[in-house]
Every structure is written in C-alpha cells, then in structure tokens.
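The structure follows.
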Amino acid sequence: QVQLVESGGGLVQAGGSLRLSCAASGRTFGSYAMGWFRQAPGKEREFVAVISRSGSNSYYADSVKGRFTISRDNAKNTVYLQMNSLKPEDTAVYYCAARFTYTDHVPRSLVDFGSWGQGTQVTVSS
C-alpha cells in the first residue's frame, strides 16, 4: 500500500481559493488512481474528484464541477486539488485516497480506495 499525507488546508473566506496537496510514498505512484473525498461534521464521507493513473481522465462531483480541479505530478508523487470559488458548504475534512489499477479507470466509490491519508481541514467562512 501507499502512504498518503495531505496538506494545504486552512481557513478561507467564501469566494476564495485553496490548493490541497497529497504526497505519496513509494515508487509506484503512477500505478494508482487518486481521489479526493470530504467529510463534513455529522455527514458521511463523500466523493469530490478522481484522476486516473496517467492523469488523462478525471471526474468530479456535481457540487464541485467547474470550481475544483484535480491534477497530479507523477514525478513528484503528488496529487493536487485546486479549489476556487469556495463556499461555506465546502467546509469539511478533505481526504486523499489511492487505488492501485492496471488501467486508466477512474473509480468513484469510497469502497474502491484502499489507502487513505489522515485528512486536512478546510473551513470556508461566509
């Protein structure tokens, strides 16, 4: 399994931007589809975005489409989540997740991912 460490969370005003990073250990980062999920207080963890192992394919939750962008740098073993036009409802702990895959498939379900980071808090004030 790969170890994941998120960073970049913080407090931002509505309409602002943040960029989350997720650094992965190991030499096989390019074999993993990478996803971002989030969990708000009192709510279940939900899918945000996913990017394929090559970076060619990505998919977003409707709630963030057009505002968030997922990207990856396989040379740096890092996946990013650029979050623009943030809203108070984006407030949550954001988790990075990894799934080993042989194809450019983009899994979207929480249960598809076997490795998780510890999470980073994002708070958007109104």
Side-chain angles (χ1 to χ4, degrees):
Q1 285 190 343
V2 63
Q3 277 69 53
L4 305 172
V5 179
E6 303 98 332
S7 62
L11 174 64
V12 63
Q13 288 189 333
S17 298
L18 281 175
R19 188 175 83 155
L20 305 183
S21 299
C22 173
S25 66
R27 294 176 289 180
T28 59
F29 179 71
S31 298
Y32 288 83
M34 300 298 297
W36 286 97
F37 291 76
R38 67 186 181 186
Q39 188 167 17
K43 295 188 177 181
E44 293 186 350
R45 194 170 300 189
E46 64 176 6
F47 168 78
V48 174
V50 62
I51 190 165
S52 65
R53 52 183 274 168
S54 73
S56 297
N57 298 320
S58 59
Y59 187 80
Y60 297 89
D62 287 343
S63 58
V64 307
K65 200 173 297 183
R67 299 188 297 122
F68 291 11
T69 302
I70 189 170
S71 62
R72 66 189 296 159
D73 185 336
N74 285 354
K76 296 183 178 180
N77 282 15
T78 302
V79 63
Y80 305 97
L81 186 68
Q82 179 65 44
M83 306 186 294
N84 298 328
S85 302
L86 282 161
K87 305 175 181 179
E89 50 263 44
D90 294 319
T91 295
V93 177
Y94 282 71
Y95 296 91
C96 174
R99 174 184 169 88
F100 185 87
T101 177
Y102 292 103
T103 71
D104 242 14
H105 175 61
V106 281
R108 305 166 196 176
S109 174
L110 189 149
V111 299
D112 288 333
F113 292 84
S115 299
W116 292 84
Q118 82 290 345
T120 185
Q121 176 71 46
V122 172
T123 303
V124 184
S125 63
S126 57

Check: Thr123 side chain, Thr91 main-chain N or O, donor-acceptor pair, under 3.5 Å =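 Not confirmed, Thr123 side chain does not pair with Thr91 backbone.
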
Check: Ser25/Gln3 side-chain N/O donor and acceptor closer than 3.5 Å |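 Yes.
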
Indicate, with yes or no, if Phe37 and Leu20 share a hydrophobic cluster defined by side-chain heavy-atom contacts under 4.5 Å among Ile, Leu, Val, Met, Phe, Trp and Tyr.
->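 Leu20 does not cluster with Phe37.
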
Would you please test Arg38 and Ser63 for side chain to side chain contact (heavy atoms under 4.5 Å, CB included) and show each step?
-> CA-CA 12 Å; Arg38 67 186 181 186; Ser63 58; 3.5 Å; yes

Check ion pair Lys65-Asp62 (N to O, under 4.0 angstrom) |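 Salt bridge present between Lys65 and Asp62.
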
When you look at Glu6 and Trp36, which way does the side chain to side chain contact (heavy atoms under 4.5 Å, CB included) test go after all the steps?
-> CA-CA 10 Å; Glu6 303 98 332; Trp36 286 97; 3.9 Å; yes

Kindly say whether Phe29 contributes a backbone atom to a donor-acceptor pair with the side chain of Arg72 at under 3.5 angstrom?
->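 Yes, the answer is positive, given that a donor and an acceptor are paired below the 3.5 Å cut-off.
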
Check for a donor-acceptor pair, side chain of Asp112 on one end and backbone N or O of Arg99 on the other, with a separation under 3.5 Å.
->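 No, the answer is negative, given that no donor and acceptor are paired below the 3.5 Å cut-off.
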
Pair Leu4-Met34, side chain to side chain contact (heavy atoms under 4.5 Å, CB included): steps then yes or no | CA-CA 10 Å; Leu4 305 172; Met34 300 298 297; 3.9 Å; yes

Where the side chain of Asn74 meets the backbone of Arg53, is there a donor-acceptor pair that is under 3.5 Å apart?
->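 Flag set: sc Asn74 to bb Arg53 pair under 3.5 Å.
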
Quick one: does Gln39's side chain get under 4.5 Å of Tyr95's, heavy atoms only?
->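 They are in contact (side-chain heavy atoms under 4.5 Å apart), so the answer is yes.
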
Give a yes or no on whether Gln118 atom CD has more than 12 heavy-atom contacts from other residues, nucleotides or ligands under 6.0 Å away.
->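 Buried by this count: over 12 neighbours within 6.0 Å.
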
Without swapping roles, check the side chain of Asn57 against the backbone of Asp104 for a donor-acceptor pair under 3.5 Å.
->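 It does hold such a pair.
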
Determine the interplanar angle of the Phe100 and Tyr32 rings, folded into 0 to 90°, and report it as parallel if under 30°, tilted if 30 to 60°, perpendicular if over 60°.
->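 Plane angle over 60°, so perpendicular.
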
Worked check of side chain to side chain contact (heavy atoms under 4.5 Å, CB included) between Val124 and Met83 = CA-CA 11 Å; Val124 184; Met83 306 186 294; over 6 Å; no

Approximate separation, where rounding is to 0.5 Å, of Gln82 CD and Leu18 CG |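 Gln82 atom CD to Leu18 atom CG measures 8.5 Å (nearest 0.5 Å).
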
Could Arg19 and Tyr80 be counted as a cation-pi pair, given that NZ or CZ must be under 6.0 Å from the ring centre and within 45° of the axis?
->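 The answer is yes; both the distance and angle limits are met.
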
